[in-house]
Amino acid sequence: MRRGFVLPLLTLAHFCVDGVCGAALAAYAFSEPYLEPIVYYFGLYNLIALGGQWCAGWFFDKRPRTILPALFVAAGFLFVGLVSSLPVWLWVCCIGVGNCVFHAAAGSLVLRNFDGFSAPGIFVSGGALGLGLGLGGFCPARIFFVVYVAAAFFAYRSGREIPGMDFCEQEQIVGGASPAALWGCGAALLLCVVLRSFGGGGGAGAPALLFPCVFTLGKAAGGVLCDRIGYRRTILAIFLLGFFALQGEGLPFAILLVFAFNLTMPLTLRLLHRCAPARPGLAFGLAAGCLLPGAFCPGAVFVPAAAMIVLQFLCLYFAGRVLCLDEKEAA
């Protein structure tokens, strides 16, 4: 199989992994009569699946030969998590670990082996739709699992058939930025992700799959747009679209606002990787971990949408300046 199949296969696998986890959690929530256990176990899952990715990513950066086999390690944990006779805490931990291992391995592979902003955007877009289908109860977890195993198998074959697929030479830091500037750039980008964790949600009363589809389109479109028109024009377009969405009320404007927030996802992922070219797994894991504040405390911090749009633009602009992203390089 050719290299061109790897990204679609990993995106399909991402779709299925999040679908497995979403469907398993939804099935549990539908059968649990009390709210407190649901909140507790959903929190435990998020803590493992999102919070553990920085550690798993760091491991894959140190042991790149384990990246492709880890796709099957994730399948093993997901399979154990689907055994209905296990205690709730154990299967929740298993699907959380499976999710964590897959995201860190596949995310590292995508950042490591594909240039530009489109690839990470396309890869992360699959998970949003799979999670929406799973949580909405549209597809059983076992069907997602079977498709994932097939996608992982062909992705593994494709990766093994391409010499150096998981060991390609890392891109150099653009512009020779100082370590202090790179630390500041990384902090600004992670702040962007934290803001998105609070501002990337849906709206009440909308059709079940509407906002997962918006997430999917936003994440994919952000990377493609950046590669087509350049980094600076893209962040300006996101800024203007966000403020346009604030000029009205109702579902259409909520869709535009959520779409604008999700456009930033591939930008932050790629730029975090450029801050540390030899650490793609850690970069992906840190970005995932910064989604935890919104998952655990969705209403704890109130930041006006206009302020979030401005802060997001300033963080992205600062990161672009540090990494010397101009129109020619990003386009």
Determine whether the aromatic ring centres of residues Phe154 and Phe5 are separated by less than 6.0 angstrom.
no
Please check: side-chain N/O of His14 versus main-chain N/O of Leu10, any donor-acceptor pairing under 3.5 Å?
no
Once rounded to the nearest 0.5 Å, what's the spacing between atom CG of Asn262 and atom OG1 of Thr264?
7.0 Å
Without swapping roles, check the side chain of Asn46 against the backbone of Phe42 for a donor-acceptor pair under 3.5 Å.
yes
I want to check something: taking the side chain as every heavy atom from C-beta on, are Val146 and Val149 in contact at a cut-off of under 4.5 Å?
no
For the residue pair Leu129 and Phe215, establish whether any side-chain heavy-atom pair is separated by less than 4.5 Å.
no
Using 4.0 Å as the upper bound for N to carboxylate O, is an ion pair formed by Asp61 and Arg112?
yes
Below 30° counts as parallel, above 60° as perpendicular, anything between as tilted: where do the rings of Tyr156 and Phe72 land?
perpendicular
Say whether, by atom type as modelled, one donor and one acceptor occur between the side chain of Asp227 and the main chain of Ser118 under 3.5 angstrom.
yes
Nearest 0.5 angstrom please: Phe244 CZ to Ile309 CD1, how far?
12.5 Å
Verify whether the ring centers belonging to Phe144 and Tyr148 lie closer than 6.0 Å.
no
So does Ser125 get a backbone contact from the side chain of Thr216, meaning a donor-acceptor N/O pair under 3.5 Å?
yes
Determine whether Thr11 and Pro8 make a side-chain contact, defined as any pair of heavy atoms from C-beta on separated by less than 4.5 Å.
no
Using the ring of each side chain (for Trp, its six-membered ring), is Phe284 parallel, tilted or perpendicular to His103, with breaks at 30° and 60°?
tilted
Would you name the heavy atoms of Ile235 and Arg232 that are closest together and state the gap between them?
CG1-O, 3.3 Å
Is there a side-chain contact between Tyr231 and Leu267 (heavy atoms, below 4.5 Å)?
yes
Distance in Å, Leu111 CG paired with Arg279 CZ, rounded so as to fall on 0.5 Å steps
14.0 Å
With hydrophobic residues grouped by side-chain heavy-atom distances under 4.5 Å, do Phe30 and Val88 end up in a single group?
no
Grab the two heavy atoms, one from Arg270 and one from Asp115, that are nearest each other, plus how far apart they are.
NH2-C, 3.9 Å
Atom pair CZ/OG1 of Phe239 and Thr234 - distance to nearest 0.5 Å:
15.0 Å
Does a side-chain heavy-atom distance below 4.5 Å link Leu195 with Phe261?
no
In this structure, CG of Leu189 is separated from CG of Leu269 (nearest 0.5 Å) by 9.5 Å
Considering all heavy atoms of both residues, which atom of Cys192 and which atom of Cys315 are nearest to each other, and what is their separation?
SG-CB, 4.0 Å
To the nearest 0.5 Å, how far apart are CD1 in Ile67 and CZ in Arg65?
11.0 Å
On a heavy-atom basis, which atom in Leu50 and which in Ala288 lie closest, and how many Å separate them?
CB-O, 3.8 Å
